[in-house]
Amino acid sequence: MVSMESSSKNDEPQNLPIFSKKNPNTAMTKKGVYVAISYMACAVLLVIFNKAALSSYSFPCANVITLFQMISSTLILYVLRRWKVISFTVQDSHTVATRTTDLVPFKKVLHCTPVALSYLLYMLVSMESIRGINVPMYTTLRRTTVFFTMMAEYFLARKKYSSYVVTCVGIIILGAFVAGARDLSFDYYSYTVVLVSNITTAVYLACISSLGESSGLNSFGLMWCNGIICTPILLLWTAYSGDLDATMNFSYLYTTGFQAVIVLSCALAFLLNYSVFLNTTINSALTQTVCGNLKDLFTVGFGWLVFRGLPFDLLNIAGQCLSFLGSCLYAYCKLKGI
């Protein structure tokens, strides 16, 4: 389906700094640790529920699930904002008693367009990537996102990481290749989509890291901009492609089990998006990606138990453990600030 709220900036986008100046090798705070753990918990559950909808119920329209998640998140944000429970800007975040019910100015929405469009691409490709591949191998291939994220942060924000962090990332990627070396269920299309998903994820996280702070918006404000920009685009696309008609004719649409899966998926998507923004802003885009690797151990376990997608294989287990070790070493480096 995150308050690393950034410091207040000028409302004029052309006068704003483009990239975050935060040192990527600083130690992780206690708040950062809590945010990272929250993200991992939401991510594991969301993968399971999305997989259940697309595979167990054979729902044919991944884009419609994404649309439902965007609409529900936008509605939740609107209601909470009107009730003055949350704010959209950093300034209001520190003055709860005097919060207004104003939404995000149009100029700031335009400033967040790169984040929103990269988010839409990331959501669409990520949802499609989980359809034709078992959960354990999906999480294995997703670990290569750390490489793409490191590259995106370097080119977009000129962030450089210590040799210790680079070594940890190398261990993670090596483990991913070892785990997938004997995957007999290889599917060229599915694997390609997962790798494209990794690239879009890296671009999205790098955009949050570089443009999030300069927007003057907090996590809820950035999520609101995503929904306002992306929902109309996705609604038109699903209507044009026939996904909405296919959804209305879906045989399990009115069954309690399928509806429960969709509702829980939407709720988790909201919590996950919030935690992604917080984790990326409070920590870094690379930390967010490595947190995704740390939660993979639990996702793989659930995948084997629930979906029976991959037979037991010693080489795969060794690769999973190697990637998990790399993720733990990275977490240690971040906690120690090395």
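Please read all numbers here as calculations on a predicted model, not as lab measurements. Count residues from 1 along the sequence. Computed from heavy atoms alone, side chains included, the values below leave out hydrogens, waters and symmetry copies.
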Worksheet item: Atom OG in Ser56, atom CZ in Phe258: separation rounded to 0.5 Å?
Response: 11.5 Å

Item to complete: Using modelled atom types only, decide if a donor and an acceptor are shared between the side chain of Asp243 and the backbone of Ala239 within a distance under 3.5 Å.
Response: no

Worksheet item: Is there side-chain contact between Trp224 and Tyr78, with at least one heavy-atom pair below 4.5 Å?
Response: yes

Worksheet entry | CZ-OG1 distance between Phe59 and Thr247, expressed to the nearest 0.5 angstrom | 3.5 Å

Fill in: Reported CD1-to-CG distance for the pair Ile71 and Leu67, which is rounded to 0.5 angstrom
4.0 Å

Worksheet item: Does Leu235 offer a backbone N or O that forms a donor-acceptor pair with the side chain of Thr238 under 3.5 Å?
Response: yes

Worksheet entry | Audit row: Asn218, Thr89, side-chain hydrogen bond (donor to acceptor under 3.5 Å, both in side chains) steps and yes/no | CA-CA 5 Å; Asn218 61 21; Thr89 62; over 6 Å; no

Practice prompt. Check the pair Arg82 / Leu103 against side chain to side chain contact (heavy atoms under 4.5 Å, CB included), numbers first and verdict last.
Written response: CA-CA 9 Å; Arg82 287 304 181 189; Leu103 301 178; 4.2 Å; yes

Worksheet item: So if you build clusters from Ile, Leu, Val, Met, Phe, Trp, Tyr with side-chain heavy-atom gaps below 4.5 Å, do Phe177 and Leu195 land together?
Response: no

Item to complete: Could you check Lys160 against Tyr154 for side chain to side chain contact (heavy atoms under 4.5 Å, CB included), going step by step and ending with a plain yes or no?
Response: CA-CA 6 Å; Lys160 296 181 180 180; Tyr154 174 77; 3.7 Å; yes

Discussion item. Assigning hydrophobic clusters by single linkage (Ile, Leu, Val, Met, Phe, Trp, Tyr; side-chain heavy-atom cutoff under 4.5 Å), is Val47 placed with Leu54?
Written reply: yes

Worksheet item: With a 4.5 Å limit on heavy-atom distance, are the side chains of Val115 and Cys225 in contact?
Response: no

Worksheet item: Any donor-acceptor pair under 3.5 Å linking the side chain of Arg81 with the backbone of Ile86?
Response: yes

Discussion item. Set out, in order, the CA-CA distance, both residues' side-chain angles and the distance that settles side chain to side chain contact (heavy atoms under 4.5 Å, CB included) for Cys333 and Cys168, then state yes or no.
Written reply: CA-CA 9 Å; Cys333 289; Cys168 295; 4.0 Å; yes

Fill in: Note, Ser73 side chain near Cys266 side chain (heavy atom, < 4.5 Å)
no

Practice prompt. For the residue pair Tyr204 and Tyr122, categorise the inter-ring angle as parallel (less than 30°), tilted (30 to 60°) or perpendicular (more than 60°).
Written response: parallel

Worksheet item: Is there side-chain contact between Thr201 and Phe148, with heavy atoms separated by less than 4.5 Å?
Response: no

Item to complete: List the atom of Phe220, the atom of Ser87, and the distance in Å for their closest heavy-atom pair.
Response: CB-O, 3.6 Å

Discussion item. Can you tell me how far apart CE (Met70) and CG (Asn273) are? Round to the nearest 0.5 Å.
Written reply: 8.5 Å

Practice prompt. Please check if any side-chain donor atom of Asn198 sits under 3.5 Å from a side-chain acceptor atom of Thr145, or the reverse.
Written response: yes

Worksheet item: Side-chain heavy atoms under 4.5 angstrom apart, residues restricted to Ile, Leu, Val, Met, Phe, Trp, Tyr: same cluster for Val276 and Val33?
Response: yes

Fill in: Thr167 side chain to Ser163 backbone, donor-acceptor under 3.5 Å
yes

Fill in: Verdict with reasoning, Ser265 to Asn50, per side-chain hydrogen bond (donor to acceptor under 3.5 Å, both in side chains)
CA-CA 7 Å; Ser265 174; Asn50 285 343; 2.8 Å; yes

Worksheet item: Is there a donor-acceptor contact under 3.5 Å from the side chain of Thr200 to the main chain of Ser197?
Response: yes

Item to complete: Compare every heavy atom of Met248 with every heavy atom of Tyr254, then report the nearest pair and how far apart it is.
Response: OH-CE, 3.9 Å

Practice prompt. Take Phe250 and Tyr252 through the test ring-ring contact (aromatic ring centres under 6.0 Å, His included) and record every step on the way to the result.
Written response: CA-CA 6 Å; Phe250 183 57; Tyr252 293 105; 5.7 Å; yes

Fill in: Derivation and outcome, side chain to side chain contact (heavy atoms under 4.5 Å, CB included), residues His111 and Ser215
CA-CA 7 Å; His111 181 66; Ser215 67; 3.7 Å; yes

Fill in: Rounded distance [0.5 Å steps], OG1 in Thr256 versus CD in Gln259
6.0 Å

Worksheet item: Do Leu110 and Ile229 belong together in a cluster built from hydrophobic side chains that touch within less than 4.5 Å?
Response: no

Worksheet entry | Separation of Cys112 SG from Leu117 CG (nearest 0.5 Å) | 11.0 Å

Item to complete: Indicate the atoms forming the closest heavy-atom contact of Leu234 with Asn63, along with that distance.
Response: CD2-O, 3.8 Å

Fill in: Closest non-hydrogen atom pair between Phe147 and Val169, with its separation
N-CG1, 4.4 Å

Item to complete: Provide the closest heavy-atom pair for Leu77 versus Phe88 in the form atom of the first, atom of the second, distance.
Response: O-CZ, 4.0 Å

Worksheet entry | Hphob cluster co-occupancy, Leu45 + Val261, side-chain heavy atoms under 4.5 angstrom | yes

Discussion item. Taking Ala176's backbone N and O only, do any of them form a donor-acceptor pair with Ser323's side chain (distance below 3.5 Å, no angle check)?
Written reply: yes

Fill in: For Ala116 against Asn226, the heavy-atom pair lying closest together
CA-OD1, 3.0 Å

Discussion item. Determine whether a donor-acceptor pair (N or O, by modelled atom type, separation under 3.5 Å) exists between the side chain of Gln69 and the backbone of Phe270.
Written reply: no

